[in-house]
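Note sheet for the following structure.
These numbers were taken from a predicted model, which means no experiment stands behind them. Counting begins at 1 with the first residue of the sequence.
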Amino acid sequence: MSDVKGAGTKGAAALRATVAFNLGTLGTLASDRFAARVQALGLKPKHAGLLAALDAGSAASQQELASRLGVAPSLVVSLADQLQELGAVERLRDPDDRRRQVLTLTAEGRRLLARCADAAEAVDADLTAGLTAAHRTALARHLRSLGEQHLPH
């Protein structure tokens, strides 16, 4: 039987030293905490993402939103159905293309989006409580920079 942890074999310390492992671990923790907070609003994180996408741009078709978010159109339809039931979005027929439905945020959708932002800020505060203000600012700046380099815009 060969020695599993022989010379040159990396172990737990090497894994824990990687950005990928640490971001993955903290990402799971942050996602779980955010999900718990928005669940109190009757939402899931994907609902918050759709609300944010609608707020970030003009009214958009379900197809455009799916493309922008990098998800299946059927997921956008399902999320939009649920958000419409909550009064957070409206579906309107595009006057230029009757086959196309355009989603827009309602006042309730903007209120829910603000509550989602509050939930995310509370999770941020919990996760970064042990950091100085300067470290929190630097962390946010570096994470945004990584996101801009690697995530679709």
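At a threshold of 4.5 Å between non-hydrogen side-chain atoms, the residues E64 and R100 count as touching. Put simply, the side chain of L103 does not reach to within 4.5 Å of the side chain of E90, judged on heavy atoms. The shortest side-chain heavy-atom distance between R33 and D126 falls under the 4.5 Å cut-off.
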| said: Run the side-chain contact (heavy atoms from CB on, under 4.5 Å) test on K46 and L75 for me, step by step, so that the C-alpha distance in whole Å, both residues' side-chain angles and the decisive distance to 0.1 Å come before the verdict. | reply: CA-CA 9 Å; K46 289 184 189 232; L75 177 60; 4.0 Å; yes
| request: Step by step, work out the side-chain contact (heavy atoms from CB on, under 4.5 Å) result for V89 and T104. | output: CA-CA 5 Å; V89 299; T104 59; over 6 Å; no
| request: Could you give me the CA-CA distance, side-chain angles and deciding distance for Q149 and R144, then say whether side-chain contact (heavy atoms from CB on, under 4.5 Å) is met? | output: CA-CA 9 Å; Q149 291 175 38; R144 266 192 309 277; over 6 Å; no
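Note: R110 CZ to L105 CG = 5.0 Å, rounded to the nearest 0.5 Å. Taken from CG in L23 to CG in L143, the straight-line distance is 6.5 Å, to the nearest 0.5 Å. For the atom pair D94 CG and Q101 CD, the distance stands at 10.5 Å (nearest 0.5 Å). A distance of 9.5 Å separates NE2 of H142 from NE2 of H135, quoted to the nearest 0.5 Å. If you take CD on E121 and CZ on F34, they are separated by 10.5 Å, rounding to the nearest 0.5 Å.
A donor-acceptor contact shorter than 3.5 Å links the side chain of N22 to the backbone of R16. With Q82 contributing its side chain and L79 its backbone, the two residues share no donor-acceptor pair below 3.5 Å. Between the side chain of S145 and the main chain of R141, no donor-acceptor pair closer than 3.5 Å is present. For R93 (side chain) and R98 (main-chain N/O), a donor-acceptor pair under 3.5 Å exists by modelled atom type. Checked by atom type and distance alone, the side chain of T106 pairs as donor or acceptor with a backbone atom of G87 at under 3.5 Å. One N or O on the side chain of T18 and one on the backbone of F21 form a donor-acceptor pair closer than 3.5 Å.
When every heavy atom of A119 is checked against every heavy atom of V38, the shortest pair comes out as CB-CG1, 4.1 Å. Between V123 and A30, the shortest heavy-atom contact is CG1-O, 4.0 Å. Across every non-hydrogen atom of H47 and L83, the tightest pair is CD2-CG, 3.9 Å. Minimum heavy-atom separation, L113 to A48: CD1-O, 4.3 Å. Of all heavy-atom pairs spanning C116 and L43, the tightest one is SG-CD1, 3.6 Å. Contact between A80 and L50 at its shortest, heavy atoms only, is N-CD2, 3.9 Å.
No salt bridge links R37 with D32; every basic N to acidic carboxylate O contact stays at or beyond 4.0 Å. Under 4.0 Å is where a charged nitrogen must lie from a carboxylate oxygen, and between D81 and R91 at least one such pair does. Under the 4.0 Å criterion applied to side-chain N and carboxylate O atoms, R115 and E108 are not assigned as salt-bridge partners.
Transitive grouping of hydrophobic side chains (ILVMFWY, heavy atoms separated by less than 4.5 Å) keeps L139 and L127 in distinct clusters. Hydrophobic cluster membership differs between L69 and V77, with clusters built from Ile, Leu, Val, Met, Phe, Trp and Tyr side chains linked at under 4.5 angstrom. In the hydrophobic clustering of ILVMFWY residues, with side-chain heavy atoms under 4.5 Å counting as a link, V19 and L26 come out apart.
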